[in-house]
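Read the structure below first, then the notes.
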Amino acid sequence: MPLARRALGLVGAILAAVALGGCALPAPPLPTLTPEPDATVESVPSIRPSTLDGITALSMARAGDAAIAIEPVYFDGVESFNNLVDSIALARVDQYLGDRAPAGFQVALPPDGLRLGDSAAAGDGLRVATNVVLASGSWLGVRMRAEKDGVAIAQWTIYGDGTTDAAYPGDALVDPAQGDALLAAAGGAPPESLGSLAIATDGAVLLASGDGEPARVPAEAARPLLSDAGRSVQDAASSGAAFVPVATPGAQHVPCSLVACVALTFDDGPSPETTPGLLDLLAKEQVAATFFVEGQHVQTDPGIVAREHRDGHAVENHTWSHPDLATLAGPDIEQQISSTDAAIVAAGVPEPTLARAPYGSAGGAVAASVRHPLIYWSVDAFDWQSLDPDVFVPRVLDRIAPGGIVLMHDIYPSTVAGQETIIATLRDRGYTFVTVPQLLSGYDLVDGQVYTCRGTVPSDAGPDCIGR
Ligand code: NI
């Protein structure tokens, strides 16, 4: 895409965000990507991702005047690793499209951008492919490789530990004080080779040397030059142990920095009259949603929230009896939240990590007394007001933007009746449906703080997604 068109798209996105009253949570900070690794050397044999449980390989692509194909590999349940993968891919996309420095780019692509599930276009354009270079014990290592018009331009390695939920770029496997010593031991490998450092199954450290074969530092010589994480990777690589997936990985990672995500949310249930029909539809359409439930209804119909969880939806806290929390004293607010958490847990569902205050109320003692981040919305359907899909569905479709959170209610038959059109239309536009926890993966959410969407505009536009 020509720069001018892209710039215009950004301005449009900023204007849209302002018109909506603000919808721009800045993206998580990018990692330091310097030095940029050499792409010319394959240093370790790769493992086919499809042969491993506990990791997920995805494809996303876009065709057009600037073809882009991204093929990431995710470590199920290790979000620090997955967000590092996304950051690297995103920085590459930015550099390709806008020719800005990688650290300056924190923009999710618009709905006409990448589509999850589309397979990579061959030939010209940008391609970021990923292969697995280590899968042993609790450690997964991948190499990401960028090609422009079929020519390799850069590569990185990333290692993740399923036990500690930590992720390390290749150069973090080296003791910071010993980088030069390692490069010297590798026969004068260039500094940029540290970013794609790999550790072979015999514990040797492999660095791209720029002349075809990787430079190799034997295990014993390399060991004192590695960081603690590097030595753990070395131990795992040389142990020959089988890969151990994360026991309870949670929901699948969706790269909401790279594809257009939307979170449909449903409040005030569960209702035995309307919620099961909505769950049937969501299952048929394979759409994940988020339910902000009232404790009093959970207590009456625990089986419905158990099914919500079983079906892959997020079940979160919408207080016990739907009061305006801003009118209550702190201990009463705490009671509204904690009793609802307890009812949800009693239904066999994991304890909520998020809450939504009735009426979007946020004053008084709310911020100090709700022990979850507060999730509000970027699009209010007003489905309760019209009780008419012909009114609220176009309202939602007109206002949605990538990273959006839609507020609706699963206690009205008319709301359920409108979902098929909303889902089909947004899917046609290229949206991927995610839960709120998936949408906000990578952000450090703070208890009592209000969040209304995931950002889709540059971070220097301000943190408008926070607060309201
Ligand atoms: Ni409500």
Side-chain angles (χ1 to χ4, degrees), residues 21 262-279 282 289-302 304-305 308-309 313-328 332-344 347 349 352-367 369-389 391-393 395-396 399 404-419 422 435-437 439 448-453 468:
V262 58
L264 303 181
T265 71
F266 298 96
D267 287 13
D268 298 359
S271 156
E273 281 78 39
T274 49
T275 306
L278 175 60
L279 290 172
L282 296 175
T290 304
F291 290 88
F292 287 93
V293 296
E294 289 179 33
Q296 59 180 350
H297 301 319
V298 176
Q299 189 179 48
T300 311
D301 285 297
I304 300 177
V305 291
E308 288 170 352
H309 169 64
H313 306 298
V315 178
E316 307 293 354
N317 191 317
H318 195 43
T319 75
W320 183 265
S321 56
H322 212 268
D324 178 351
L325 293 182
T327 66
L328 301 185
D332 296 329
I333 297 173
E334 288 171 22
Q335 176 64 21
Q336 284 280 332
I337 298 297
S338 61
S339 59
T340 302
D341 281 351
I344 291 169
V349 175
T353 59
L354 306 171
R356 175 177 280 163
Y359 318 107
S361 178
V366 172
S369 305
V370 176
R371 58 183 185 93
H372 296 307
L374 291 164
I375 305 302
Y376 290 174
W377 51 85
S378 56
V379 178
D380 188 344
F382 284 99
D383 55 320
W384 57 270
Q385 192 179 61
S386 65
L387 297 177
D388 182 354
V391 175
F392 82 81
V393 171
R395 182 184 164 83
V396 170
R399 285 167 171 74
I405 298 174
V406 184
L407 167 63
M408 296 180 285
H409 302 78
D410 55 316
I411 58 171
Y412 304 113
S414 50
T415 298
V416 177
Q419 296 311 306
I422 288 177
T435 65
V436 173
L439 184 76
Q449 169 78 59
V450 170
Y451 302 89
T452 58
C453 61
R468 53 198 305 274

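Not measured: the values here are computed from a predicted model. One-based numbering, in listed order, for ligands and for the atoms of each. Side chains included, hydrogens not; waters and symmetry mates left out as well; all remaining heavy atoms used.
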- Message: Asp341: which residues meet the salt bridge (charged side-chain N to carboxylate O under 4.0 Å, His left out) condition with it, sequence neighbours left out?
- Response: Arg371
- Query: What do the steps show when you test Ile411 against His297 for side chain to side chain contact (heavy atoms under 4.5 Å, CB included), and what is the final call?
  - Reply: CA-CA 11 Å; Ile411 58 171; His297 301 319; 6.0 Å; no
- Please examine the side chains of Glu294 and Asp268, heavy atoms only from C-beta on, and report whether any two atoms are closer than 4.5 Å. yes
- Task: Give the C-alpha distance, both sets of side-chain angles, the deciding distance and a yes or no for side chain to side chain contact (heavy atoms under 4.5 Å, CB included) between Tyr451 and Val436.
- Result: CA-CA 10 Å; Tyr451 302 89; Val436 173; over 6 Å; no
- Any chance you could lay out the ring-ring contact (aromatic ring centres under 6.0 Å, His included) test for Phe266 and Phe291, step after step, and finish with the verdict? CA-CA 5 Å; Phe266 298 96; Phe291 290 88; 5.6 Å; yes
- Assess whether side chain to side chain donor-acceptor pair (under 3.5 Å) is satisfied between Arg356 and Thr265, documenting all intermediate values. CA-CA 10 Å; Arg356 175 177 280 163; Thr265 71; 2.9 Å; yes
- Item | Distance filter under 2.8 Å, centred on the Ni ion (ligand 1) - protein N, O or S atoms that pass it | Asp268 OD1, His318 NE2, His322 NE2
